[in-house]
Amino acid sequence: MSLTKSAPSVSLEKKGGSLGEIKVNLNWNQGTKKGLLGSMFGPKAIDLDLCCLYEMMDGEAFGVQALGNNFGRYNGRPWIELSGDDRSGAVSDGEWLRINGDQWSNIRRVLVFAMIYEGVPNWSATDGVVRILAPNQPEIEVKLEGTGQERICAVAMFENEGGNFKITRENRYFQGAPMMGNTYRFPISWGVGRK
């Protein structure tokens, strides 16, 4: 199932009173360099990062991302964890973000976003796709379709609506994470981070 402009949202059904493990995957085309001179003088391969901003029911808000080594935790707050950092796009199954659906009642919302950490900001060249997988649910896909030069793509918003898990396709592009965070009104103080 693809989330598009004409069909931008879907709600996941709880099975047996729980959502289980919700997995978010980002995969892309790294833009391989051709030959020796291409690898020495050509543009760098594209490094995309899968990230999220979250807001808890008690108002706590922060991010999970490789930048700043904020990988989160699955079995403790914030019940969201990034499983590694693929710096090249060469890992066959890309990057994974895991959300503990058994703790969904503690989370108000999660904004999943992708960031071009390295390489020319050209989303159309990445062939980026975000997939959302949950137990006993159809796979949900969101394609990164931007053509601008922004480095951040807000991919999808996950919202807790009375305990239900609502997913809305965003596909909005920003020059930086603070601008995106302010647009979505996440109460976060921003600083400089490095991998």
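- Annotation: side chain of F62 is not in contact with side chain of P78 (no heavy-atom distance under 4.5 Å).
- Between S105 and M57, the closest heavy-atom pair is O-CG, 3.3 Å.
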How far apart are the C-alpha atoms of V142 and V155, what are their side-chain angles, what is the distance that settles it, and do they pass the side chain to side chain contact (heavy atoms under 4.5 Å, CB included) test?
-> CA-CA 7 Å; V142 180; V155 177; 3.8 Å; yes
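- Minimum interatomic distance between A114 and L26 (heavy atoms only, all atoms of both residues): CB-CD2, 4.2 Å.
- Counting heavy atoms from C-beta on, the side chains of W123 and N171 never come closer than 4.5 Å.
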Give the C-alpha distance, both sets of side-chain angles, the deciding distance and a yes or no for side chain to side chain contact (heavy atoms under 4.5 Å, CB included) between R172 and T183.
-> CA-CA 10 Å; R172 295 178 66 185; T183 298; 3.5 Å; yes
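- Each of V24, L111, I80 was evaluated against C52; a single residue qualifies, I80, per the side chain to side chain contact (heavy atoms under 4.5 Å, CB included) test.
- With sequence neighbours left out, R73 forms a side-chain hydrogen bond (donor to acceptor under 3.5 Å, both in side chains) with no residue at all.
- To the nearest 0.5 Å, atom CG of residue N182 and atom CD1 of residue I188 are 9.5 Å apart.
- Using modelled atom types and a 3.5 Å distance limit, the side chains of N106 and Q103 yield a donor-acceptor pair.
- L53 places a side-chain heavy atom less than 4.5 Å from the side chain of M180.
- Summarising the local packing, CZ of F174 is surrounded by more than 12 heavy atoms from other residues, nucleotides or ligands at distances under 6.0 Å.
- W104 and F165 have their aromatic ring centers within a separation under 6.0 angstrom.
- With sequence neighbours left out, the ring pair (Phe, Tyr, Trp, His ring centres under 6.0 Å) criterion links Y54 to no other residue.
- To the nearest 0.5 angstrom, R108 atom CZ is 11.0 Å from E159 atom CD.
- Residues V129 and M157 do not share a hydrophobic cluster, defined by chaining ILVMFWY side chains whose heavy atoms lie under 4.5 Å apart.
- With sequence neighbours excluded, no residue satisfies side-chain hydrogen bond (donor to acceptor under 3.5 Å, both in side chains) with N70.
- Distance check: R98 CZ to E81 CD gives 5.5 Å after rounding to the nearest 0.5 Å.
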Evaluate side chain to side chain contact (heavy atoms under 4.5 Å, CB included) for F158 paired with I99, printing each intermediate quantity in order.
-> CA-CA 11 Å; F158 301 164; I99 299 172; 3.6 Å; yes
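- Side chains of Y173 and L144 form a contact here, defined as non-hydrogen atoms less than 4.5 Å apart.
- Of all the heavy atoms in P187 and G59, the pair that sits closest is CG-O, 4.3 Å.
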Could you go step by step and tell me if L133 and I22 meet the side chain to side chain contact (heavy atoms under 4.5 Å, CB included) rule?
-> CA-CA 6 Å; L133 302 98; I22 299 151; over 6 Å; no
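- Because its NZ or CZ atom is both nearer than 6.0 Å to the ring centre of F186 and within 45° of the ring axis, R109 counts as a cation-pi partner of that residue.
- By the 4.5 Å heavy-atom criterion applied to side chains, L82 and C51 are not counted as neighbours.
- Distance alone, capped at 3.5 Å, places no donor-acceptor pair between the N25 side chain and the W96 backbone.
- At least one side-chain heavy atom of M115 sits less than 4.5 Å from a side-chain heavy atom of L67.
- Put simply, OG1 on T126 and CD on E145 are 10.5 Å apart, with the number rounded to the nearest 0.5 Å.
- Remark: R131 engages E139 in a salt bridge, criterion side-chain N to carboxylate O under 4.0 Å.
- Linking ILVMFWY side-chain heavy atoms closer than 4.5 Å, directly or via other members, places V112 and Y74 in two distinct hydrophobic clusters.
- Under a 4.0 Å N-O distance rule, the pair R77/E60 qualifies as a salt bridge.
- Within the model, atoms CG of L19 and CG of N136 stand 11.0 Å from one another, a figure rounded to the nearest 0.5 Å.
- Between I132 and I167, the closest side-chain pair of non-hydrogen atoms falls below 4.5 Å.
- There is a side-chain donor-acceptor pair under 3.5 Å between Y184 and E170.
- With E95 contributing its side chain and L50 its backbone, the two residues share a donor-acceptor pair below 3.5 Å.
- In this structure, the separation between CD on E55 and CZ on R185 is 12.0 Å, given to the nearest 0.5 Å.
- Side-chain contact between L97 and S83 is absent, with no heavy-atom pair separated by less than 4.5 Å.
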